[in-house]
*Asks:* 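Sending over a structure as structure tokens; questions will come in a sec.
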Amino acid sequence: MPPTSDIRHDVLMTPDARGRAFTSGDQGVPWSSAAEVEQSRGLWDSAANLLDKIATALLDDDQPRAQTLAARAAALPYDEREEIWPGVFVAGQQIFNTLTDAVEEWPVDDSSWIGIVEDMATESELASVEMRHVAAVLAHTATLVELSAIEKKRLARLAGDSDPMLIPAQEISPEEHAGSIVELVRIEQRLVDLVAERLDALESDG
């Protein structure tokens, strides 16, 4: 199965964004300056670092520290280049990456990984939004990532009306970012555990 980690930005670039990029190119204006790219990377790296610390705090059952760190992640400056708040976006992106990495590792003749997506979608409202989004993106790119027709159908059914072009983080209001970041980290941790459990079960059965 081809790597899925590089799919998301191609899939999620809106027609307007494509149009602006082509217009800038035609006019000889850089789409993003080196400084803008570096600034975005710095914000994302800062967010990822804080999220790692939040995950550690949650594993240590230190909720106050997790909340403090989440507030710092939520307070990171708005990324003007990507038009996104980095803290909540990177938290959602890590869920996406964890699941798509698992899909790459999964045995080709086994579709039980979709059961993880379906199970996670029932655990909370935010988990449902994230899982339905991942399902929508994978269903949208099913041919590219070599999913079967049955897998695509299951994913499309789970996705429902979730728009693969709309990043869930964009729908979370800024005042809810800190709390959502903690919950998103919990969702990613739960996802990691479920993936490991299912893969271990497959190995045992094999």
Side-chain angles (χ1 to χ4, degrees), residues 2-14 16-18 20-21 24-25 29-59 65-105 120 126-127 129-138 140-141 145 162-192 195:
T4 56
S5 56
D6 294 329
I7 289 173
R8 188 173 192 179
H9 290 295
D10 292 337
V11 172
L12 296 179
M13 178 176 278
T14 65
D16 285 346
R18 293 177 193 270
R20 290 197 302 271
S24 297
V29 178
W31 172 233
S32 293
S33 69
E36 288 173 328
V37 172
E38 192 62 28
Q39 183 178 28
S40 284
R41 287 176 178 169
L43 289 171
W44 288 30
D45 287 346
S46 295
N49 181 53
L50 287 167
L51 292 171
D52 285 344
K53 292 179 179 179
I54 293 168
T56 299
L58 291 175
L59 289 173
R65 176 167 169 74
Q67 292 289 356
T68 298
L69 291 165
R72 288 173 56 189
L76 288 170
Y78 186 75
D79 186 341
E80 298 287 350
R81 174 174 175 264
E82 296 294 338
E83 300 181 349
I84 201 75
W85 291 98
V88 71
F89 172 76
V90 174
Q93 182 72 40
Q94 288 185 342
I95 293 171
F96 182 93
N97 291 344
T98 294
L99 187 52
T100 54
D101 286 349
V103 174
E104 291 176 33
E105 297 175 8
M120 287 290 300
L126 187 55
V129 170
E130 290 292 333
M131 293 303 106
R132 290 175 61 236
H133 172 67
V134 176
V137 174
L138 291 177
H140 187 69
T141 58
V145 297
S162 180
D163 185 352
M165 307 291 279
L166 182 62
I167 300 171
Q170 293 174 320
E171 298 298 293
I172 301 175
S173 62
E175 60 270 19
E176 296 177 340
H177 281 184
S180 295
I181 286 169
V182 173
E183 186 176 353
L184 287 167
V185 173
R186 288 190 186 278
I187 291 169
E188 200 261 344
Q189 289 178 325
R190 172 67 172 149
L191 184 59
V192 168
V195 167

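Each residue takes its place number in the sequence, starting with 1.
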*Asks:* If I take atom CD from residue E82 and atom CG from residue L43, how far apart are they, to the nearest 0.5 angstrom?
*Replies:*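 Reported to 0.5 Å precision, the distance equals 10.5 Å.
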
*Asks:* What heavy-atom pair brings D79 and W44 nearest, and what distance separates the two atoms?
*Replies:*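 Looks like OD2-NE1, 3.1 Å.
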
*Asks:* Once you round to the nearest 0.5 Å, how far does CG of L99 lie from CD of Q94?
*Replies:*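 Rounded to the nearest 0.5 Å, the CG-CD separation comes out at 13.5 Å.
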
*Asks:* Would you say I181 and L69 make side-chain contact, with heavy atoms under 4.5 Å?
*Replies:*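 Heavy-atom side-chain distance check fails, nothing below 4.5 Å.
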
*Asks:* For the residue pair H133 and I167, what are the closest heavy atoms and their distance?
*Replies:*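 Minimum heavy-atom contact is CE1-CA, 4.4 Å.
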
*Asks:* Once you round to the nearest 0.5 Å, how far does CD1 of I95 lie from CD of Q189?
*Replies:*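 Between I95 CD1 and Q189 CD, I get 10.5 Å after rounding to 0.5 Å.
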
*Asks:* Given side chains that start at C-beta, do those of M120 and R190 come closer than 4.5 Å, heavy atoms only?
*Replies:*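 Heavy-atom side-chain distance check passes, below 4.5 Å.
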
*Asks:* Taking atom types as modelled, is there a side-chain donor on E176 or S173 under 3.5 Å from an acceptor on the other?
*Replies:*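 A pair is found: one side chain offers a donor N or O, the other an acceptor, under 3.5 Å apart.
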
*Asks:* What are the two closest heavy atoms between A57 and A66, and how far apart are they?
*Replies:*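 Nearest heavy atoms, A57 then A66: CB-N, 3.8 Å.
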
*Asks:* What heavy-atom pair brings V129 and P168 nearest, and what distance separates the two atoms?
*Replies:*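 In this case the closest contact between V129 and P168 is CG1-CB, 3.8 Å.
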
*Asks:* So Y78 and E83, do their side chains get closer than 4.5 Å, heavy atoms only?
*Replies:*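 Result yes, sub-4.5 Å side-chain heavy-atom pair found.
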
*Asks:* Quick check for you: to the nearest 0.5 Å, what is the distance between F96 atom CZ and L191 atom CG?
*Replies:*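 Rounded to the nearest 0.5 Å, the CZ-CG separation comes to 12.0 Å.
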
*Asks:* Which heavy-atom pair separates A74 from H177 by the least distance, and what is that distance?
*Replies:*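 Of all heavy-atom pairs spanning A74 and H177, the closest is CB-CB, 3.8 Å.
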
*Asks:* With distance as the sole criterion, is a donor-acceptor pair present between the side chains of T98 and E188 under 3.5 Å?
*Replies:*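 Note: T98 and E188 side chains meet the donor-acceptor criterion.
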
*Asks:* Roughly how far, to the nearest 0.5 Å, is the CG atom of L51 from the OG atom of S46?
*Replies:*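 Rounded to the nearest 0.5 Å, the OG-CG separation comes out at 10.5 Å.
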
*Asks:* Might you confirm whether atom CD of Q39 has over 12 heavy atoms from other residues, nucleotides or ligands at distances under 6.0 Å?
*Replies:*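 For Q39, atom CD is not crowded (no more than 12 foreign heavy atoms under 6.0 Å).
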
*Asks:* Atom CG in D163, atom CD in Q170: separation rounded to 0.5 Å?
*Replies:*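 Those atoms lie 10.0 Å apart.
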
*Asks:* Mind listing the closest non-hydrogen atom pair of S180 and I172 along with its distance?
*Replies:*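 The answer is OG-CG2, 3.6 Å.
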
*Asks:* Report yes if some heavy atom in the side chain of V185 is under 4.5 Å from a heavy atom in the side chain of V182; otherwise report no.
*Replies:*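 Not in contact.
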
*Asks:* Is any side-chain heavy atom of T100 closer than 4.5 Å to a side-chain heavy atom of L138?
*Replies:*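 In contact.
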
